[in-house]
Amino acid sequence: MSSQIFRSVARSAKAGLSASRSSSVGQGRAFTAAAATMISSRGKSNYFASFFDRAGSGKPLMGWLSSAMAVPAAVYMLQDQELHAAEMERTFIAIKPDGVQRGLISEIISRFERKGFKLVAIKLVIPSKDFAEKHYHDLKERPFFNGLCEFLSSGPVLAMVWEGEGVIKYGRKLIGATDPQKSEPGTIRGDLAVVVGRNIIHGSDGPETAKDEIGLWFNPNELVSYASNAEKWVYGVN
């Protein structure tokens with residue numbers, strides 16, 4: 001189901017929560033019926049659907065109304081969590097041979113981890129020059145293309161895939177400008193590099209580039225999907 005549908009469901013649930021808190025029993029019943037339909041259609045829980053059936057069967061109102069005030073909140077949180085999961089991005093990050101040789105692996109990884117991004121793939125490889133040319137294919141007409149490819153294939157490269165909300169755009173901010181001397185202090189290149197030819201790290205510059213680079217450097221079975229215990233503290237919904 002698309003993130004647009006998730007947003008619609010979340011908005012409906014949130015609006016229903018306000019309605020269920022009002023004094024209008026009719027509003028509460030209308031919302032609970034709608035919420036039951038949403039949950040049932042996604043197969044989340046037959047229990048909730050049967051609960052709403054009982055709520056409309058003419059039994060005393062106090063029991064189901066008090067529950068109806070809690071259930072919409074749970075529905076809203078559930079849909080919001082699913083929306084969050086659907087919007088997660090992945091980006092390709094590589095520590096170049098100079099960064100590996102200078103012993104900066106742990107320093108660079110820690111900056112992405114401290115931000116709250118999640119590592120979902122990693123491997124140390126020495127790419128061939130042909131492979132480097134595929135990676136830098138969009139720079140093929142530039143005069144520095146050959147030297148760039150020779151450098152990338154000159155030693156070990158730590159290839160990684162990081163996941164998180166806005167990780168493509170903010171990953172570039174963590175990295176800094178291509179020219180380290182134009183990078184802000186606090187960025188990886190601003191703090192750890194001096195010249196363009198040895199700027200220690202590469203990061204995808206957009207969604208399509210990220211998709212292509214991840215596909216070039218990793219097989220699908222090398223990418224791991226998992227829930228991090230830290231995520232509720234990074235993306236928690238209040």
Side-chain angles (χ1 to χ4, degrees), residues 87-184 186-226 228:
E87 291 182 334
M88 283 294 185
E89 290 181 341
R90 286 182 172 181
T91 191
F92 175 74
I93 301 292
I95 302 178
K96 299 177 183 180
D98 52 335
V100 174
Q101 295 287 359
R102 289 178 55 196
L104 298 176
I105 290 175
S106 61
E107 167 73 23
I108 292 172
I109 288 178
S110 70
R111 293 194 181 210
F112 280 84
E113 286 185 324
R114 291 202 304 265
K115 176 63 182 175
F117 296 136
K118 181 170 65 178
L119 183 64
V120 296
I122 185 170
K123 61 182 176 182
L124 189 67
V125 298
I126 300 179
S128 67
K129 188 176 179 182
D130 287 342
F131 187 91
E133 289 175 353
K134 292 178 182 178
H135 176 77
Y136 286 123
H137 67 90
D138 58 322
L139 301 174
K140 192 172 184 178
E141 303 304 320
R142 299 293 184 90
F144 53 80
F145 175 72
N146 187 61
L148 196 62
C149 295
E150 286 184 350
F151 171 63
L152 189 67
S153 59
S154 67
V157 173
L158 191 72
M160 300 175 285
V161 178
W162 288 87
E163 181 180 276
E165 193 170 302
V167 69
I168 297 174
K169 182 178 180 179
Y170 201 88
R172 297 280 292 184
K173 289 185 177 181
L174 284 176
I175 290 171
T178 301
D179 184 349
Q181 295 186 27
K182 295 179 181 178
S183 295
E184 294 294 326
T187 64
I188 292 170
R189 287 172 176 160
D191 289 350
L192 305 175
V194 178
V195 297
V196 176
R198 296 294 182 268
N199 61 9
I200 69 177
I201 188 170
H202 166 85
S204 301
D205 61 6
E208 290 302 317
T209 305
K211 181 180 178 181
D212 291 344
E213 291 178 344
I214 291 171
L216 177 65
W217 287 81
F218 290 92
N219 295 320
N221 61 3
E222 294 178 305
L223 303 172
V224 179
S225 295
Y226 65 100
S228 168

Atom of [X], atom of [Y] and distance for their closest heavy-atom approach:
| X | Y | result |
| --- | --- | --- |
| P127 | V125 | CD-O, 3.5 Å |
| G176 | S183 | C-OG, 3.6 Å |
| M160 | F92 | O-CD1, 3.3 Å |
| A121 | F218 | CB-CE2, 3.7 Å |
| H202 | S204 | NE2-N, 4.1 Å |
| G155 | P97 | O-CG, 3.8 Å |

Distance in Å, [X] [atom1] paired with [Y] [atom2], rounded so as to fall on 0.5 Å steps:
| X | Y | atom1 | atom2 | result |
| --- | --- | --- | --- | --- |
| I201 | L192 | CD1 | CG | 9.0 Å |
| E150 | L148 | CD | CG | 10.0 Å |
| I93 | I168 | CD1 | CD1 | 9.5 Å |

Residues forming a side-chain contact (heavy atoms from CB on, under 4.5 Å) with [X], sequence neighbours excluded:
| X | value |
| --- | --- |
| K134 | L216 |
| D205 | R172, T209 |
| D130 | S128, E133 |
| K169 | K173 |

For the residue pair [X] and [Y], establish whether any side-chain heavy-atom pair is separated by less than 4.5 Å.
| X | Y | result |
| --- | --- | --- |
| P180 | V196 | yes |
| V167 | M88 | no |
| V100 | I105 | yes |
| I188 | I200 | yes |

Item to complete: Check step by step if side chain to side chain contact (heavy atoms under 4.5 Å, CB included) holds for I95 and L104.
Response: CA-CA 8 Å; I95 302 178; L104 298 176; 5.6 Å; no
Worksheet item: Which pairs pass side-chain hydrogen bond (donor to acceptor under 3.5 Å, both in side chains) with one or both residues in residues 96-114, sequence neighbours excluded?
Response: K96-N199, E107-R111, S110-R114, R111-D191
Practice prompt. Could you tell me which residues satisfy ring-ring contact (aromatic ring centres under 6.0 Å, His included) with F112, sequence neighbours excluded, listed by chain and number?
Written response: W162
Worksheet, complete the sentence: With sequence neighbours left out, the residues meeting ring-ring contact (aromatic ring centres under 6.0 Å, His included) with F131 are W217
Worksheet, complete the sentence: Here the ring pair (Phe, Tyr, Trp, His ring centres under 6.0 Å) pairs for residues 141-161, sequence neighbours left out, are none
Set of residues satisfying side-chain hydrogen bond (donor to acceptor under 3.5 Å, both in side chains) with respect to [X], sequence neighbours excluded:
| X | answer |
| --- | --- |
| T91 | none |
| D179 | none |
| R90 | E163, S225 |
| K123 | E222 |

Discussion item. Side chain to side chain contact (heavy atoms under 4.5 Å, CB included) for I109 and L158? Distances and angles first, verdict last.
Written reply: CA-CA 10 Å; I109 288 178; L158 191 72; 4.1 Å; yes
Worksheet entry | Flag if over 12 foreign heavy atoms under 6.0 Å of CD, E184 | no
